[in-house]
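As a basis for the values below, the full set of heavy atoms in this structure was taken, side chains included, without hydrogen atoms, waters or symmetry mates.
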Amino acid sequence: MTTYIKTYDLSKVWPPKDALDFCYRNNFDVYKKTDDHEAGGLIKSQLKESLSQDKDYLIMAHDGNKWTGWAMAYKFDCRKEFQAYVPPRQRRKGIGTRLLKKACDIMGRVEVYDIDTSNGFYKSNGLTRGEAITGRKLKVK
């Protein structure tokens, strides 16, 4: 099935309610047991902060029928960072890679979190732990 990517520049446009509902329902915090992630609310709290300050980018994946994943691309101090969440039932379909590529297209270079849950994903896309990435460094699949 095709994955469509929709980007919301939060300084210019507010995402639709169904997109935000998806983000709040699907994050590390909700799937703690599956994702074995202690700091589950990080990506959700970044979304809340970005929305409250009308800044950064929300990147959504959609399959034509429903939302299938989401990501944040944002500036923190002097760094450009990336976080993504794809629900367990949607993983290994290239959705996270599409979100990461879009973040690189927007920001040029992003840094990623060193999180056990995500390290396999980053490694499969050509990153090492804690590394910054540009679109040129993504593995071609």
Side-chain angles (χ1 to χ4, degrees), residues 1-139 141:
M1 188 167 268
T2 303
T3 298
Y4 304 95
I5 302 296
K6 174 71 177 165
T7 303
Y8 297 96
D9 178 344
L10 300 178
S11 69
K12 298 177 181 173
V13 66
W14 198 260
K17 184 180 181 327
D18 68 319
L20 293 175
D21 289 345
F22 175 83
C23 296
Y24 289 124
R25 280 192 324 268
N26 292 278
N27 58 73
F28 287 116
D29 199 38
V30 174
Y31 290 95
K32 268 187 180 175
K33 186 173 182 178
T34 303
D35 292 313
D36 192 29
H37 185 264
E38 292 176 14
L42 281 177
I43 186 171
K44 187 168 70 172
S45 65
Q46 182 60 48
L47 174 61
K48 287 180 182 178
E49 179 182 327
S50 294
L51 289 169
S52 71
Q53 297 179 15
D54 293 328
K55 63 177 190 161
D56 306 318
Y57 297 91
L58 173 63
I59 308 166
M60 301 291 301
H62 198 275
D63 70 3
N65 296 312
K66 63 186 180 300
W67 299 111
T68 57
W70 66 285
M72 292 293 306
Y74 57 95
K75 292 180 184 172
F76 181 76
D77 294 331
C78 296
R79 298 183 315 264
K80 297 173 185 174
E81 296 191 356
F82 169 82
Q83 292 187 63
Y85 191 80
V86 176
R89 67 189 174 281
Q90 297 294 335
R91 293 181 186 163
R92 309 217 34 93
K93 297 178 183 179
I95 296 167
T97 299
R98 296 278 315 273
L99 294 168
L100 178 59
K101 182 176 181 340
K102 183 52 120 175
C104 289
D105 290 346
I106 294 167
M107 306 287 275
R109 173 184 162 106
V110 294
E111 294 184 38
V112 296
Y113 276 94
D114 180 11
I115 298 172
D116 289 342
T117 304
S118 304
N119 285 340
F121 163 71
Y122 295 137
K123 185 176 180 183
S124 73
N125 280 288
L127 284 82
T128 58
R129 295 171 67 148
E131 186 175 5
I133 188 167
T134 63
R136 292 183 302 279
K137 284 184 73 177
L138 285 170
K139 274 188 181 176
K141 296 186 178 195

So, does [X] use its side chain to make a donor-acceptor pair with the main chain of [Y] at under 3.5 Å?
X      : Y      : answer
Arg109 : Lys80  : no
Arg79  : Glu111 : no
Trp70  : Ala19  : no

Throw together a table of side-chain donor-acceptor distances under 3.5 angstrom for residues 4-12, partners on residues two or more places apart or in other chains.
unit_1 : atom_1 : unit_2 : atom_2 : d
Asp9   : OD1    : Ser11  : N      : 3.0
Asp9   : OD1    : Ser11  : OG     : 2.6

Quick one, [X] and [Y] - any side-chain contact, counting heavy atoms below 4.5 Å?
X      : Y      : value
Gln90  : Lys66  : yes
Leu100 : Val110 : yes
Asn27  : Leu47  : no
Phe22  : Met60  : yes

Which atom of Thr3 lies closest to which atom of Ala61, heavy atoms considered: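 So the two residues come closest at CG2-CB, 3.9 Å.
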Non-hydrogen atoms of Ala73 and Ala103 that approach each other most closely: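 So the two residues come closest at CB-CB, 4.1 Å.
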Steps toward side-chain hydrogen bond (donor to acceptor under 3.5 Å, both in side chains) verdict (Ser50, Gln46): CA-CA 6 Å; Ser50 294; Gln46 182 60 48; 3.1 Å; yes
Separation of [Y] [atom2] from [X] [atom1] (nearest 0.5 Å):
X      : Y     : atom1 : atom2 : value
Met107 : Asp56 : CE    : CG    : 7.0 Å
Tyr85  : Lys44 : OH    : NZ    : 11.5 Å
Lys48  : Ile43 : NZ    : CD1   : 13.0 Å
Phe82  : Leu99 : CZ    : CG    : 5.5 Å

Leu51/Leu58 under side chain to side chain contact (heavy atoms under 4.5 Å, CB included): CA gap, chis, key distance, verdict: CA-CA 9 Å; Leu51 289 169; Leu58 173 63; 5.9 Å; no
Ile59 and Met72: CA distance, side-chain angles, deciding distance, side chain to side chain contact (heavy atoms under 4.5 Å, CB included) verdict: CA-CA 6 Å; Ile59 308 166; Met72 292 293 306; over 6 Å; no
More than 12 heavy atoms from other groups under 6.0 Å of NZ on Lys55: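 Yes - once you tally the heavy atoms of other residues, nucleotides and ligands closer than 6.0 Å, there are more than 12.
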Residues in salt bridge (Lys or Arg N to Asp or Glu O under 4.0 Å) contact with Asp18, at least two apart in sequence or another chain: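 Salt bridge (Lys or Arg N to Asp or Glu O under 4.0 Å) check on Asp18 returns nothing, list empty.
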Test item: side-chain donor near acceptor, Thr68 and Asp63, under 3.5 Å: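 Side chains of Thr68 and Asp63: no pair found under 3.5 Å.
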Aromatic ring pairing His62/Trp67, orientation class (parallel under 30°, perpendicular over 60°, tilted between):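 Taking Trp67 first and then His62, their aromatic rings stand perpendicular (interplane angle over 60°).
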